[in-house]
Every structure is written in structure tokens, then in C-alpha cells.
Novice: 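Provided herewith is a single structure, encoded as C-alpha cells, for subsequent inquiry.
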Amino acid sequence: AVKGVYAFAYKDDDFQREPDFFSTSTDETGAFTLYFKEGGRYNIGARTPGRGEPVTGDLYGFYKGARGSGIYLRSGEKVKSIRITIKKYR
């Protein structure tokens, strides 16, 4: 578990822009919360604070380990225990 990173989500596969959603900073247990306005497919990742492309040394990763490994949510659905593995970016 890593404290102080942020989860983010994209509604599509365009990772060259600002994410559609950000979480608050993760707590001591690595927990985060993301709120979505509607159901659909979302690509979820996490990183250390910062904007733009990650740089060497940033902690960075995606759900299931790869861009495009999205989750599907129904409107009003709550999901717990999404695990994101983050590593130092090279």
C-alpha cells in the first residue's frame, strides 16, 4: 500500500490528455475513492502527484497492469477492492 498517490480514470483510450476523473490522495492503506457520474467503461490508473506524462522515478500504473484494461460499471454501482500495481516509471 502506498500513501499519497492519486487514482485517475479515462472514459476512453485517449491517454494523451487530462484524465476525466481524479481521486483524492490515497491514505495509509492505499485506499482511494473515485466518483463517476454515469455507468460505462473506464480505464483506471494511479500515479504520484503531477501533470502530463510521467517522468523517471514517478510511481505509475494501471488496473490490471496495462493501459486499456478497463472496468465496466453500471449507473449507481459501487465497486470495492480495485487493486492497481504501481512501479517506478523509467
Side-chain angles (χ1 to χ4, degrees):
V2 179
K3 181 180 178 179
V5 300
Y6 293 82
F8 56 84
Y10 290 94
K11 294 193 302 189
D12 56 33
D13 292 333
D14 180 9
F15 301 103
Q16 300 303 311
R17 60 177 177 76
E18 184 92 5
D20 296 296
F21 304 96
F22 281 99
S23 74
T24 57
S25 178
T26 55
D27 65 17
E28 313 66 47
T29 66
F32 63 89
T33 302
L34 279 167
Y35 294 98
F36 303 99
K37 295 179 182 179
E38 59 192 14
R41 179 178 177 269
Y42 296 94
N43 294 295
I44 299 175
R47 68 175 293 181
T48 49
R51 298 245 183 227
E53 287 292 317
V55 296
T56 301
D58 283 354
L59 295 176
Y60 186 74
F62 279 88
Y63 173 65
K64 292 194 177 179
R67 290 182 178 198
S69 295
I71 65 167
Y72 294 88
L73 301 171
R74 293 184 303 274
S75 289
E77 180 178 15
K78 293 181 181 181
V79 178
K80 292 186 177 188
S81 301
I82 298 290
R83 183 175 290 262
I84 302 170
T85 300
I86 56 176
K87 299 177 183 176
K88 285 190 177 181
Y89 188 79
R90 298 182 208 190

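Throughout, residue positions are numbered sequentially from 1 according to the sequence presented. Keep in mind it's a predicted model, so treat the numbers as computed, not measured.
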Novice: With sequence neighbours excluded, what pairs up with T56 under the side chain to side chain donor-acceptor pair (under 3.5 Å) test?
Specialist: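 For T56, no residue satisfies side chain to side chain donor-acceptor pair (under 3.5 Å) once neighbours in sequence are set aside.
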Novice: Which atom pair, heavy atoms only, marks the closest approach of R41 to G70?
Specialist: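 Result for this residue pair: NH2-N, 3.9 Å.
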Novice: Within a strict 4.5 Å, meaning less than it, do heavy atoms of the I86 and Y60 side chains meet?
Specialist: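 A side-chain contact under 4.5 Å is absent here.
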Novice: Ignoring hydrogens and angles, tell me if any N or O in the side chain of S75 forms a donor-acceptor pair with the backbone of G39 under 3.5 Å.
Specialist: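 Here the side-chain-to-backbone pair exists.
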Novice: Output the distance between atom CD1 (I44) and atom CZ (R83), rounded to the nearest 0.5 Å.
Specialist: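 Between atom CD1 of I44 and atom CZ of R83 there are 14.5 Å.
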Novice: Could you go through K11 and E38, starting from their C-alpha distance and side-chain angles, then the distance that decides it, and tell me whether this counts as side-chain contact (heavy atoms from CB on, under 4.5 Å)?
Specialist: CA-CA 10 Å; K11 294 193 302 189; E38 59 192 14; 4.2 Å; yes
Novice: Between D12 and R17 (salt bridge meaning N to carboxylate O under 4.0 Å), is one present in this structure?
Specialist: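 Result for this pair is yes, salt bridge flagged.
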Novice: F21 and Y35: which non-hydrogen atoms are nearest, and at how many Å?
Specialist: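 It is CD2-O, 3.4 Å.
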Novice: Could you go through the side-chain contact (heavy atoms from CB on, under 4.5 Å) check for K88 and D58 one step at a time?
Specialist: CA-CA 5 Å; K88 285 190 177 181; D58 283 354; over 6 Å; no
Novice: As an exercise, state the distance from CD of E53 to OH of Y89, rounded to the nearest 0.5 Å.
Specialist: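 These two atoms lie 6.0 Å from each other.
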Novice: Run the side-chain contact (heavy atoms from CB on, under 4.5 Å) test on I84 and R47 for me, step by step, so that the C-alpha distance in whole Å, both residues' side-chain angles and the decisive distance to 0.1 Å come before the verdict.
Specialist: CA-CA 10 Å; I84 302 170; R47 68 175 293 181; over 6 Å; no
Novice: Step by step, work out the side-chain contact (heavy atoms from CB on, under 4.5 Å) result for L34 and S23.
Specialist: CA-CA 5 Å; L34 279 167; S23 74; 3.9 Å; yes
Novice: Less than 6.0 angstrom separating the ring centers of F62 and F8, yes or no?
Specialist: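 Yes, close enough.
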Novice: At their closest point, which heavy atom of G4 faces which heavy atom of S25, and how far apart are they?
Specialist: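 Minimum heavy-atom contact is CA-OG, 3.2 Å.
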Novice: Which pair of heavy atoms, one from E77 and one from L73, lies closest together, and at what distance?
Specialist: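 Scanning both residues completely, I find the closest heavy atoms to be OE1-CA, 3.2 Å.
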Novice: Any link between Y6 and V2 through a network of hydrophobic side chains (Ile, Leu, Val, Met, Phe, Trp, Tyr) touching at under 4.5 Å?
Specialist: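 Per the 4.5 Å side-chain linkage, Y6 and V2 are not co-clustered.
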